[in-house]
Amino acid sequence: MQTTSALYQSILSNSAHWYETQLVIDGVGTYDEHQLFSVSTNIEMFHGSPAVGSAVAQEISVKMLLPSETIPTMAVLRPQVRICDATRQSEWLPQGVFFIDTRERTQNDNGLDVLTIHGYDAMLKAEQYFFSDTITGDSADVQMVAAIASQMGVEVDERTYPLMTHAYIVPLPTGYTCREVLGYIAAMYAGCFIISDTGKLRLVSMTDMPEETNYLIDNNGDAITFGGDRILV
């Protein structure tokens with residue numbers, strides 16, 4: 001769950017609110033809902049049932065009016081959302097950092113040129129074989145994660161290391177990809193590695209999940225009350 005401002009919370013409490021989307025393409029421009037037909041992201045940490053020991057890539061799909069600007073190969077896509085009411089708009093919240101994989105130009109029924117983009121986040125950069133000038137033998141799990149993040153060219157999310165408290169020893173992973181090693185470490189902590197909404201390498205552990213309450217909640221995860229009482233579902 002993302003940290004949001006008091007303004008965001010205030011707008012959310014107003015039943016007459018809505019969400020807006022924009023797409024930032026690094027070095028190209030920012031495109032709002034006047035240019036965007038659809039933006040969707042997808043990540044499947046669990047394939048039908050809880051699972052651990054993986055490093056999961058997130059995908060993005062975009063349909064937009066064909067821009068006049070040239071979009072370079074592997075351009076960085078940054079989808080963002082904000083909440084609005086009749087008089088206020090919240091801050092823009094990042095919804096991931098992606099790299100273009102494929103693109104297709106078509107025309108819709110109105111004769112408009114449409115660009116369809118599909119991309120992935122930085123987890124695919126972990127498909128390379130592990131290599132380090134500093135790690136030449138067995139190492140602590142946190143050292144290995146730091147080395148892999150550096151090789152991928154990303155930072156480690158600040159929520160990751162507080163979960164990695166057991167100082168497991170990881171053998172030198174000769175002949176293994178960074179993604180395979182991340183999955184191995186994730187299994188040690190009953191979790192999965194993902195790329196966060198801000199583009200950082202993050203461990204998500206099932207031991208860190210909030211306790212299930214069966215209370216009816218709002219979009220922010222807060223319990224909805226009736227007469228001061230929480231509602232069981």
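We count residues from 1, following the sequence as given.
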Interatomic distance, OG1@Thr30 vs CH2@Trp92, rounded to 0.5 Å, equals 9.5 Å
Around Lys63, counting heavy atoms of other residues, nucleotides and ligands shown, do more than 12 lie under 6.0 Å from its NZ?
no
Taken to the nearest 0.5 Å, the spacing of Ile71 CD1 from Ile25 CD1 works out to 4.0 Å
Q: Would you confirm whether Asp121, through its side chain, and Gln58, through its main-chain N or O, come within 3.5 Å as a donor-acceptor pair?
A: yes
Should Phe130 and Met188 be counted in the same cluster of Ile, Leu, Val, Met, Phe, Trp and Tyr side chains packed under 4.5 Å apart? yes
Grouping I, L, V, M, F, W and Y whenever their side-chain heavy atoms are under 4.5 Å apart, do Leu77 and Phe99 come out in a common cluster?
no
### Message
Does Leu23 form a side-chain contact (heavy atoms from CB on, under 4.5 Å) with Thr21? I'd like the steps, not just the answer.
### Response
CA-CA 7 Å; Leu23 178 68; Thr21 302; over 6 Å; no
For His34 and Leu65, the nearest pair of non-hydrogen atoms, with its separation, is O-CD1, 3.8 Å
Q | Whether Arg179 side chain and Ala55 backbone form a donor-acceptor pair below 3.5 Å | A | yes
### Query
With distance as the sole test, does Glu127 use its side chain to make a donor-acceptor pair with the main-chain N or O of Leu124 at under 3.5 Å?
no
Cluster overlap Val39 with Leu66, hydrophobic side-chain contacts below 4.5 Å: yes
Derivation and outcome, side-chain contact (heavy atoms from CB on, under 4.5 Å), residues Phe131 and Asp133 | CA-CA 7 Å; Phe131 174 81; Asp133 291 326; 3.3 Å; yes
- Query: Does the Glu91 side chain pair with the main chain of Ser5, one donor and one acceptor, at a distance under 3.5 Å?
  - Reply: yes
Heavy-atom nearest pair, Ala186 first then Ser54, reads CB-O, 4.0 Å
Note to self: Counting C-beta onward and ignoring hydrogens, is there a side-chain heavy-atom pair between Pro94 and Arg78 closer than 4.5 Å?
What the structure shows: no
Ignoring hydrogens and angles, tell me if any N or O in the side chain of Asp141 forms a donor-acceptor pair with the backbone of Tyr168 under 3.5 Å. yes
Quick check: are there more than 12 heavy atoms from other residues, nucleotides or ligands sitting under 6.0 Å from CD of Gln80? yes
Taken to the nearest 0.5 Å, the spacing of Ser40 OG from Gln95 CD works out to 12.0 Å
message = Are Ile195 and Val97 packed together at the side-chain level, in the sense that at least one heavy-atom pair is separated by less than 4.5 angstrom?
response = no
One should read off an interatomic distance between Arg202 CZ and Cys192 SG, to the nearest 0.5 angstrom, of 11.5 Å
dist Arg88:CZ -> His17:NE2 (nearest 0.5 Å) comes out at 11.5 Å
Nearest heavy-atom contact between Lys200 and Glu158 is NZ-OE1, 3.5 Å
| Going through the distances and angles, do Met123 and Leu182 end up as a side-chain contact (heavy atoms from CB on, under 4.5 Å)? | CA-CA 10 Å; Met123 188 58 76; Leu182 288 175; 4.2 Å; yes
| query | For the residue pair Tyr189 and His166, does the interplanar ring angle fall in the parallel (under 30°), tilted (30 to 60°) or perpendicular (over 60°) class? | reply | parallel
Open item on the list: Please check if the number of heavy atoms outside Tyr129 that lie under 6.0 Å from its OH is greater than 12.
Closed with: no
Looking only at heavy atoms, the pair that brings Trp18 and Asp85 closest together is CH2-O, 3.2 Å
On a heavy-atom basis, the closest approach of Glu180 and Thr177 is OE1-N, 2.9 Å
Counting C-beta onward and ignoring hydrogens, is there a side-chain heavy-atom pair between Pro171 and Tyr184 closer than 4.5 Å? yes
Please say yes or no: joined through hydrophobic side-chain contacts below 4.5 Å, possibly via intermediate residues, are Val114 and Tyr31 part of one cluster?
no
Could you check whether Arg159 and Ser196, counting side-chain N and O atoms only, form a donor-acceptor pair closer than 3.5 Å? no
(request) I would like to know whether Thr106 and Glu104 meet side-chain contact (heavy atoms from CB on, under 4.5 Å); could you show each step before the answer? (result) CA-CA 7 Å; Thr106 58; Glu104 180 183 11; 3.7 Å; yes
Practice prompt. Could you check if a side-chain atom of Met64 sits within less than 4.5 angstrom of a side-chain atom of Ile117, using non-hydrogen atoms only?
Written response: yes
### Query
More than 12 foreign heavy atoms under 6.0 Å from OH of Tyr176: is that the case here?
no
Would Leu115 and Phe37 show up in the same hydrophobic cluster when neighbours are defined by side-chain heavy atoms closer than 4.5 Å? no
CZ of Arg82 to OG1 of Thr4, rounded to nearest 0.5 Å, is 15.5 Å
Heavy-atom closest pair (Thr41 atom, Pro79 atom, distance to 0.1 Å) is CG2-CG, 4.4 Å
Practice item. Report yes or no: do Asp113 and Gln107 form a side-chain donor-acceptor pair below 3.5 Å? Key: yes
Paired with Leu201, the side chain to side chain contact (heavy atoms under 4.5 Å, CB included) test is passed by just one of Asp157, Ile194, Val145, Thr160, namely Val145
With side chains defined as the heavy atoms from C-beta onward, is the minimum distance between Pro72 and Val28 less than 4.5 Å?
-> yes
**OP:** Would you kindly say whether Ser132 and Gln151 are connected by a side-chain donor-acceptor distance under 3.5 Å?
**Re:** no
